[in-house]
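Working notes for the structure below.
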Amino acid sequence: QVQLVESGGGLVQAGRSLRLSCAASGRTFSTYAMGWFRQAPGKEREFVADISWSGGSTYYADSVKGRFTISRDNAKNTVYLQMNSLKPEDTAVYYCAQGRRLRVGVREPGEVDYWGQGTQVTVSS
């Protein structure tokens, strides 16, 4: 079974930065697209960013474009989400997600094979 473990969440002032990490184990990491989703209380889980299995392409939700950067280090079986210029509306539980083999991205919950347990990000004004 694949295990995804997120870390790096916390409480931060608006305008500051956080870097989330997701460490994967259980199957070949380098052949799977990876993504980040988030869910705020009372809201549906929403897409944030993803990266292709090759690392050659990335895609971002409009709400985070220009502020967040997704990257991966296959040697460490880890995907990252660098979050800059954080806003209170970014407050949510952030979930790491692994898509299916050789996919260019993972953009919908239905495309997710495995989820991490989530890490809380809280942005204060």
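Hydrogens, waters and symmetry mates are skipped; everything else that's a heavy atom, side chains included, is used. As the structure is a computational prediction, the values presented were derived from the model and not from experiment.
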Answer whether the closest heavy-atom distance between the side chains of M34 and D50 falls below 4.5 Å. no
Residue pair C22 / Y80, side-chain heavy-atom distance below 4.5 Å: no
Report whether L20 and V112 are members of the same hydrophobic cluster (ILVMFWY, side-chain heavy atoms less than 4.5 Å apart, transitive linking). no
same_hphob_cluster(Y114, I51) at 4.5 Å side-chain heavy-atom cutoff: yes
Whether R19 side chain and G9 backbone form a donor-acceptor pair below 3.5 Å: no
Relative to the ring of Y94, is the ring of F68 parallel (under 30°), tilted (30 to 60°) or perpendicular (over 60°)? tilted
In terms of hydrophobic clustering (I, L, V, M, F, W, Y; side-chain heavy atoms under 4.5 Å; direct or indirect links), are V79 and V48 co-clustered? yes
Could you tell me whether the side chain of S52 and the main chain of A33 form a donor-acceptor pair under 3.5 Å? no
Assess R103 against Y32: is NZ or CZ under 6.0 Å from the centre of the six-membered ring, and within 45 degrees of the ring's axis? no
For the backbone of G118 and the side chain of E6, can you confirm whether one donor and one acceptor N or O come within less than 3.5 Å of each other? yes
What's the shortest heavy-atom distance between R101 and T31, and which atoms? NH1-OG1, 3.1 Å
Nearest 0.5 Å please: distance from the SG atom of C96 over to the CG atom of L81. 9.5 Å
Indicate yes or no: at least one non-hydrogen side-chain atom of F37 is less than 4.5 angstrom from one of W115. yes
Side-chain donor-acceptor pair under 3.5 Å between D73 and T78, yes or no? no
Compare every heavy atom of A92 with every heavy atom of A40, then report the nearest pair and how far apart it is. N-CB, 3.9 Å
Is there a path of hydrophobic side-chain contacts, each under 4.5 Å between heavy atoms of I, L, V, M, F, W or Y residues, that connects L4 with W36? yes
Report the distance from atom OG of S63 to atom NZ of K87, rounding to the nearest 0.5 Å. 8.0 Å
L18 side chain reached by L86 side chain, heavy atoms, under 4.5 Å: yes
Hey, quick one: are V93 and V106 part of the same hydrophobic cluster, counting side-chain heavy atoms closer than 4.5 Å, chains of contacts allowed? yes
Any Lys/Arg nitrogen of R38 or E46 sitting under 4.0 Å from an Asp/Glu carboxylate oxygen of the other? yes
Any chance you could lay out the salt bridge (charged side-chain N to carboxylate O under 4.0 Å, His left out) test for D90 and R67, step after step, and finish with the verdict? CA-CA 11 Å; D90 295 318; R67 300 189 297 120; 2.8 Å; yes
Within the distance-only criterion (no hydrogens, no angle test), does the side chain of T91 pair as donor or acceptor with the backbone N or O of V123 below 3.5 angstrom? yes
Taking the side chain as every heavy atom from C-beta outward, state whether Q117 and V5 have any pair of such atoms under 4.5 Å apart. yes
